[in-house]
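Structure first, then comments.
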Amino acid sequence: MTTPLLVLSNVGKTYPSGEKNTLEVLTDISLQLNAGQSVAIVGPSGSGKSTLLNIIGSLDSPSSGKVIFDSQNVAELDAKQQAALRSRKIGFVFQLHHLLPQCTVLENVLIPTLVNKENAGAEARAKKLLTEVGLADRLHYRPGQLSGGESQRVAVVRAMINNPRLLLADEPTGSLDRAGADRLTEMLINMNKNHGLTLVVVTHSVALAERMDMIYELTNGRLIRKK
Ligand code: ADP
Ligand code: MG
């Protein structure tokens, strides 16, 4: 039996709203994910997709329920241990690439390795990954010299540089044109298939969602399996 990489058990999330009220965003969410699997989370705007992704990535904590990542109960880790877990085991990609404009492509990709002590070979790995995604001749460009699609591919490589177990992507193709979105979709699929990367992607793109092993829709705070 394989131990799942991620287990959410009865996760709920409420936000304070007004003086006495609370807004219930997530209700009793349970989800189990094995290493190497890929999942799309779809749902209307405001349904709590980013909230859920942030809880999975320990950027936010649930109001109830439990998150087990790589056999560790995330709530039992202190802030420093949670930060270490995020930087070593989880990669994040957002709708906007958030690359540092004054740094080159290669420097941007290497930023996450600066916080880890063991980063020998990081530069070689960065070059290999950038080559794999067709950016070998862009290593010394700055983000302002790249297309939106190229920038987003750099952001994915940056998220992968510490060899994470899990990649979380929040509408990664949301700011791209069709060709850029298709290319990024292929890149994510390749990382999943060739590097065994476990993938959770929040997306409005049917094309991207359909490429994942599983699709869940988030509505009224609950996850419904669609595929
Ligand atoms: P989605 O990503 O699906 O568009 P979000 O997870 O961003 O949805 O937001 C879900 C709901 O939670 C929205 O109604 C939003 O206004 C609310 N919300 C998100 N973050 C906070 C917060 N930090 N404080 C209060 N309400 C929040
Ligand atoms: Mg969102």
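Numbers here simply count residues along the sequence, with the first being 1. Because the structure is predicted, anything quoted here is derived from the model rather than measured. Whatever order the structure lists ligands and atoms in, that order sets their numbers, starting from 1.
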[X] side chain near [Y] side chain, heavy-atom distance below 4.5 Å:
X	Y	value
Gln32	Leu6	no
Thr198	Ser38	no
Leu167	Leu188	yes

Provide, to 0.1 Å, the distance between [atom] and the closest protein heavy atom, together with that atom's residue and name.
atom	value
atom 15 (C) of ligand 1	Leu23 CD2, 4.8 Å
atom 8 (O) of ligand 1	Gly48 N, 3.1 Å
atom 19 (C) of ligand 1	Tyr15 CE1, 3.5 Å

Under 4.0 angstrom from ligand 1, any heavy atom of Gly43?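 No.
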
Residue that, paired with Phe92, satisfies side chain to side chain contact (heavy atoms under 4.5 Å, CB included) out of Asp170, Leu59, Leu166: Leu59

Of all the atoms in ligand 1, which lie at a distance below 4.0 Å from a heavy atom belonging to Pro44? 3 (O)

Atoms in ligand 1 flagged as close to Thr51, the criterion being non-hydrogen separation under 4.0 Å: 5 (P), 6 (O), 9 (O)

Can Arg225 and Glu217 be counted as an ion pair, charged N to O under 4.0 angstrom?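 No, no charged N to carboxylate O under 4.0 Å.
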
What part of Val25 sits under 4.0 Å from ligand 1 if we count only heavy atoms: the side chain, the backbone, both or neither? side chain

Does Lys193 have more than 12 heavy atoms from other residues, nucleotides or ligands lying within 6.0 Å of its NZ?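 Correct, the count exceeds 12.
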
Please work out which of Ser50, Gly46, Ser45 has its closest non-hydrogen atom nearest to atom 2 (O) of ligand 1.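 Looking at heavy atoms only, the winner is Ser50.
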
Could you walk me through whether Glu150 and His97 pass the side-chain hydrogen bond (donor to acceptor under 3.5 Å, both in side chains) check? CA-CA 10 Å; Glu150 288 169 339; His97 56 72; over 6 Å; no

Answer yes or no as to whether an N/O/S atom of Thr51 is found below 2.8 Å from the Mg ion (ligand 2). no

